[in-house]
Amino acid sequence: SFTMNMYLFVYDLMQFCGHSWIFTNMIIRFMTFGKDSLADTFHSIGLVMRLCQLLSVLEILHILIGIDKSRLLPRFLQITERIIVLFVVINSQEEVQGKYVVCVLFFLWNLLDVVRYTYNMLARMGIYYLPLTWLNFSLCILLYPLSVLAEGFAIYVSLPYFESFGTYSIKLPFPFTFSIYFPYVLKMYLLVLFAGMCFIIQNLFSERMAHLGTGSIKNKRS
């Protein structure tokens with residue numbers, strides 16, 4: 001309906017503004033302060049980044065109620081992996097927040113999202129530019145694996161701090177013998193992360209074929 005389409009347009013616009021602000025802020029800071037800006041990335045834009053990622057949880061609801069026709073599982077995996085890395089790993093360990101990998105990760109996330117939400121906004125209005133469509137469904141195939149590698153590296157460098165501080169590790173007192181050592185949980189999650197990456201890449205190739213196939217291009221041009 002028109003109302004739901006307008007709601008989705010406003011949602012995409014909000015996300016576009018948030019990620020564009022982050023992306024522009026990162027570039028300006030780097031041009032102004034050089035490498036010194038990299039270590040301060042999280043403290044400068046972390047709040048807006050967290051707000052944008054929390055807002056992205058609505059995309060799962062959009063699919064569940066049927067107003068977004070995207071596939072649920074790939075989108076769910078992409079959103080949850082960002083939530084886990086951002087809130088559980090980076091946000092909880094101040095020592096990790098100053099690592100260069102955080103800047104690289106934020107750059108990749110926001111570059112992907114600026115393109116994606118731009119494409120989505122225009123698509124809500126029935127506007128399809130072939131160069132933008134090509135960029136949206138091609139750039140993600142290149143940058144998404146790089147972002148997962150950056151996520152994995154962020155988890156790897158956080159392990160010594162989780163081991164030292166015992167963050168999220170739980171050891172129940174006697175008579176219980178149950179305990180959770182969180183670094184082990186993160187190591188197991190790394191396997192899930194890379195297994196999910198293979199599944200999502202297959203989905204990205206399928207989406208690219210569906211939108212950039214010869215028949216699809218002719219239909220959007222007509």
Side-chain angles (χ1 to χ4, degrees), residues 15 18-57 59-60 74-114 116 139-140 142-171 179-201:
Q15 288 282 37
H19 288 290
S20 295
W21 182 88
I22 295 171
F23 191 70
T24 304
N25 186 285
M26 291 181 67
I27 293 176
I28 293 176
R29 284 177 52 80
F30 181 77
M31 293 177 63
T32 305
F33 303 107
K35 291 184 179 181
D36 294 336
S37 66
L38 302 182
D40 197 37
T41 297
F42 183 84
H43 297 286
S44 302
I45 63 176
L47 176 60
V48 181
M49 192 72 207
R50 280 172 283 181
L51 290 175
C52 288
Q53 295 307 317
L54 285 175
L55 191 62
S56 70
V57 177
E59 295 179 28
I60 299 175
R75 196 73 200 111
F76 174 80
L77 291 175
Q78 287 178 294
I79 291 172
T80 52
E81 72 185 34
R82 289 191 183 189
I83 294 293
I84 291 172
V85 172
L86 179 58
F87 288 91
V88 178
V89 176
I90 299 175
N91 190 63
S92 66
Q93 299 297 336
E94 188 173 351
E95 290 77 7
V96 179
Q97 295 169 10
K99 303 292 185 182
Y100 288 171
V101 66
V102 175
C103 181
V104 173
L105 187 58
F106 283 8
F107 180 85
L108 293 173
W109 282 356
N110 285 281
L111 179 56
L112 284 169
D113 285 338
V114 167
R116 184 166 70 90
L139 188 66
C140 57
L142 173 65
L143 295 188
Y144 174 72
L146 295 179
S147 70
V148 173
L149 289 176
E151 291 168 10
F153 188 72
I155 293 174
Y156 174 77
V157 299
S158 73
L159 290 175
Y161 303 108
F162 280 104
E163 292 172 354
S164 300
F165 303 135
T167 310
Y168 301 133
S169 294
I170 300 173
K171 187 175 182 179
S179 63
I180 298 177
Y181 187 56
F182 197 69
Y184 289 163
V185 176
L186 288 178
K187 290 176 182 178
M188 289 188 292
Y189 178 69
L190 282 174
L191 298 177
V192 176
L193 181 65
F194 288 107
M197 179 188 71
C198 297
F199 171 75
I200 292 174
I201 289 175

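Surrounding OH of Y156 are at most 12 heavy atoms belonging to other residues, nucleotides or ligands under 6.0 Å away. The environment of CD in E94 is sparse: at most 12 heavy-atom neighbours from other residues, nucleotides or ligands sit within 6.0 Å.
Remark: Q53 pairs with no residue by the side chain to side chain donor-acceptor pair (under 3.5 Å) rule, at least two apart or across chains. Residues satisfying the side chain to side chain donor-acceptor pair (under 3.5 Å) test with N91, not counting sequence neighbours, are R50. Every residue meeting the side chain to side chain donor-acceptor pair (under 3.5 Å) condition with T167, not counting sequence neighbours, appears here in chain and number order: Q93. Take S164 and apply the side chain to side chain contact (heavy atoms under 4.5 Å, CB included) test, not counting sequence neighbours, and it matches no residue. With sequence neighbours left out, the side chain to side chain contact (heavy atoms under 4.5 Å, CB included) criterion links L55 to Y11, M14, Q15, L58. In terms of the side chain to side chain contact (heavy atoms under 4.5 Å, CB included) criterion, residue partners of T24 (sequence neighbours excluded) are, by chain and number, I28. By the side chain to side chain donor-acceptor pair (under 3.5 Å) test, Y144 pairs with E81, sequence neighbours left out.
Sorted by first and then second residue, the salt bridge (charged side-chain N to carboxylate O under 4.0 Å, His left out) pairs with a member in residues 18-37 read R29-D40; sequence neighbours excluded.
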In a table with atom names and distances, give each donor-acceptor pair under 3.5 Å that connects a side chain of residues 182-201 to protein atoms at least two apart or in another chain.
none

Under 3.5 Å donor-acceptor pairs involving side-chain atoms of residues 98-113, not counting sequence neighbours:
unit_1: K99; atom_1: NZ; unit_2: Y161; atom_2: OH; d: 3.4
unit_1: W109; atom_1: NE1; unit_2: E151; atom_2: OE2; d: 3.1
unit_1: N110; atom_1: OD1; unit_2: H19; atom_2: ND1; d: 2.7
unit_1: N110; atom_1: ND2; unit_2: F106; atom_2: O; d: 2.6
unit_1: D113; atom_1: OD2; unit_2: H19; atom_2: NE2; d: 3.4
unit_1: D113; atom_1: OD2; unit_2: R82; atom_2: NH1; d: 2.6

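Between L86 and F42, the shortest heavy-atom distance links the atoms CD1-CE1, 4.1 Å. Pairing each heavy atom of A154 with each of V157, the nearest pair is O-CG2, 3.2 Å. Contact record, S37 with F30: OG-CA, 3.4 Å, taken as the closest heavy-atom pair. Pairing each heavy atom of F76 with each of I60, the nearest pair is CD1-CD1, 3.6 Å.
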Problem - Evaluation steps, side chain to side chain contact (heavy atoms under 4.5 Å, CB included), between Y168 and I180 - result: CA-CA 8 Å; Y168 301 133; I180 298 177; over 6 Å; no
